Number of protein chains: 2
Amino acid sequence: MTESTAQRARAEVSPNNACPIAPVVDIVFSRWTTPILWALNEYGRQRFVELERRIATITPKVLTQRLRQLERDGLVLRTYHPEVPPRVEYEISELGRSLAPLFAALAAWSPNLGTVEEARRAYDARQGAGGHSA
Amino acid sequence: MTESTAQRARAEVSPNNACPIAPVVDIVFSRWTTPILWALNEYGRQRFVELERRIATITPKVLTQRLRQLERDGLVLRTYHPEVPPRVEYEISELGRSLAPLFAALAAWSPNLGTVEEARRAYDARQGAGGHSA
DNA sequence: ACCAGTAGGTACCTAGAGGAAAGTAATGGG
DNA sequence: CCCATTACTTTCCTCTAGGTACCTACTGGT
């Protein structure tokens, strides 16, 4: 019940008011999902610890939460091997792979990051110096 | 100083470890920025209250914060008219407009939302019913 | 008997984002 | 004189995502 409450909370705050892309953003670009999907898409099927080590700054709890969410959304496939030390493998699903052009568009825009940094420096210089009038 | 702290915090938690698109996501898809950019892109130059009414569920404080952030990142242009009741107009910048293909890719993926909903129902049915073994 | 290792689960706690509501400056209108 | 309007700002408060730390089951190795 806790999870569904969280899901509903996320859904409630998303202001889909005539903004048709907000739900997609909620699903695909919620926190941590980008590096997870990217790692699965880039390095193929992996185990829990591999993902954990690759992302490095994520905690196992949150990684589990996000993987469950992605599995529920059908973007990730989970395979559980009931072996002696349990082994679980995660891979990106067909639906998840359909996000590839989206990620490509993201990557295509990334050269503009320099422009953003420049804009930030300019803005901070305007505000930071004695520039802002009373 | 509070704002820059928040910016740095966001930057710290983003695990850009070999995930080149994470910074773009941080800038473009941080909370509330999607509906704001979409509204500005869709309905053109607008005043503060127009945006506020259009998004409806956003509070003025957060709208101001997000607009400042977007202005600092160079995605939005702010024009202040020092009139008797102050008037401010916001419009999307050239850099912001360069996000259009990204948004188009988002919109192109949105038909898959049905598949996501279906996957969620299937997952919930699996877990919700007596299906999960002890 | 004890530890290692996997894939988490759970309880507790903190930090910080976001909401609610009131304040602010300036001025025209009743 | 008081109110309304605009575009915020500020204060206070809540809420929850995420972090820390510890726990689980299972078996093989020593």
Side-chain angles (χ1 to χ4, degrees), chain A residues 1-15 26 29-33 35-36 45-72 76 78-91 127 132-134, chain B residues 1-15 26 29-36 45-71 76 78-91 127 132-134:
Chain A
M1 212 182 276
T2 311
E3 300 171 26
S4 54
T5 303
Q7 297 287 345
R8 242 174 285 124
R10 277 203 71 80
E12 277 166 11
V13 297
S14 65
D26 266 9
F29 298 118
S30 68
R31 185 115 59 171
W32 292 112
T33 54
I36 292 173
R45 184 185 317 172
Q46 301 168 62
R47 307 181 55 176
F48 188 87
V49 280
E50 292 183 77
L51 280 171
E52 193 179 352
R53 279 195 272 265
R54 218 182 285 282
I55 302 180
T57 53
I58 199 170
T59 62
K61 181 187 126 183
V62 177
L63 180 55
T64 301
Q65 286 177 346
R66 290 292 94 93
L67 282 170
R68 286 287 136 79
Q69 172 191 324
L70 291 169
E71 186 196 359
R72 193 175 99 102
V76 160
R78 191 181 105 116
T79 315
Y80 177 75
H81 306 269
E83 299 171 359
V84 179
R87 187 163 59 92
V88 180
E89 286 179 319
Y90 294 94
E91 58 184 318
Q127 305 298 322
H132 66 84
S133 58
Chain B
M1 215 180 272
T2 312
E3 300 172 29
S4 53
T5 304
Q7 297 286 346
R8 242 174 287 125
R10 277 203 70 80
E12 277 167 14
V13 295
S14 65
D26 266 9
F29 297 119
S30 67
R31 186 114 64 173
W32 294 113
T33 52
T34 312
I36 292 173
R45 185 184 316 175
Q46 302 168 62
R47 308 181 54 175
F48 187 87
V49 279
E50 293 183 77
L51 280 171
E52 193 178 354
R53 279 194 272 265
R54 216 181 286 280
I55 302 181
T57 52
I58 198 171
T59 60
K61 181 186 121 181
V62 177
L63 181 55
T64 302
Q65 286 177 346
R66 291 291 92 96
L67 283 170
R68 286 286 140 77
Q69 172 191 325
L70 290 170
E71 187 197 358
V76 159
R78 192 180 103 117
T79 317
Y80 177 75
H81 305 269
E83 300 170 0
V84 179
R87 188 163 59 91
V88 180
E89 285 180 319
Y90 294 94
E91 59 184 318
Q127 305 297 322
H132 65 83
S133 60

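None of these values were measured; they are calculated from a predicted model. In what follows, chains carry the letters A, B, and so on, assigned in the order in which the sequence lines appear, proteins first and then strands, with residues in each chain numbered from 1.
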Quick check: closest heavy atoms across A:Glu52 and A:Pro60, and the distance to 0.1 Å?
OE2-CD, 3.7 Å

For D:dA7, does either OP1 or OP2 sit under 4.0 Å from a side-chain N or O belonging to B:Arg53?
no

Which of the following nucleotides, C:dA7, C:dG18, D:dC8, is nearest to the side chain of A:Val49?
C:dA7

Tell me whether the OP1 or OP2 atom of D:dC8 has a side-chain N or O from B:Tyr90 closer than 4.0 Å.
yes

With respect to the side chain of B:Val62, which nucleotide from C:dG18, C:dG8, D:dC8 is positioned closest?
C:dG18

Considering the terminal five base pairs at each end of the helix from C:dA1-D:dT30 to C:dG30-D:dC1, what angle separates the two local helix axes, rounded to 10°?
30°

Quick one: pull up CH2 in B:Trp32 and OG1 in B:Thr59 and give me the separation to the nearest 0.5 Å.
7.5 Å

So does B:Thr59 get a side-chain nitrogen or oxygen closer than 4.0 Å to the phosphate oxygens (OP1/OP2) of C:dA20?
no

Would you say a side-chain N or O of A:Arg47 is under 4.0 Å from OP1 or OP2 of C:dT6?
no

Note: B:Arg31 and B:Arg66 closest approach over all heavy atoms is O-CD, 3.0 Å

Does B:Pro60 or A:Thr64 map to a spot on DNA chain C nearer the 5' end, using the closest nucleotide for each?
A:Thr64

What nucleotide among C:dG8, D:dG19, C:dG18 has an atom nearest to a side-chain atom of A:Trp32?
D:dG19

Could you please name the option among D:dA7, C:dA7, C:dG18 that lies closest to any side-chain atom of B:Arg87?
D:dA7

Distance check, rounded to the nearest 0.5 Å: B:Leu51 atom CG versus B:Glu89 atom CD?
11.0 Å

Does the side chain of B:Arg78 get closer than 4.0 angstrom to OP1 or OP2 of D:dC8 through an N or O atom?
yes

Considering just the side-chain nitrogens and oxygens of A:Arg66, establish if one lies under 4.0 Å of OP1 or OP2 belonging to D:dA17.
no

State which residues pass salt bridge (charged side-chain N to carboxylate O under 4.0 Å, His left out) with A:Glu71; sequence neighbours excluded, sorted by chain then number.
A:Arg68

Can you tell me how far the CG atom of A:Leu70 sits from the OG atom of A:Ser30, to the nearest 0.5 Å?
7.0 Å

Would a 4.5 Å heavy-atom cut-off, applied to side chains only, mark A:Val76 and A:Tyr90 as touching?
yes

Between A:Gln69 and A:Thr33, is any side-chain donor less than 3.5 angstrom from a side-chain acceptor?
no

Against the side chain of A:Phe48, the closest entry in C:dA7, D:dA7, D:dC8 is C:dA7

What one-letter contact string describes nucleotides 24-30 of chain C from 5' to 3', where B marks a base within less than 4.0 Å of any protein heavy atom, S marks contact via sugar-phosphate atoms alone, and - marks no contact?
---S---

Any donor-acceptor pair under 3.5 Å joining the side chain of A:Lys61 to the base of D:dG19?
yes

Under 4.5 Å between any side-chain heavy atoms of B:Phe48 and B:Leu67, yes or no?
yes

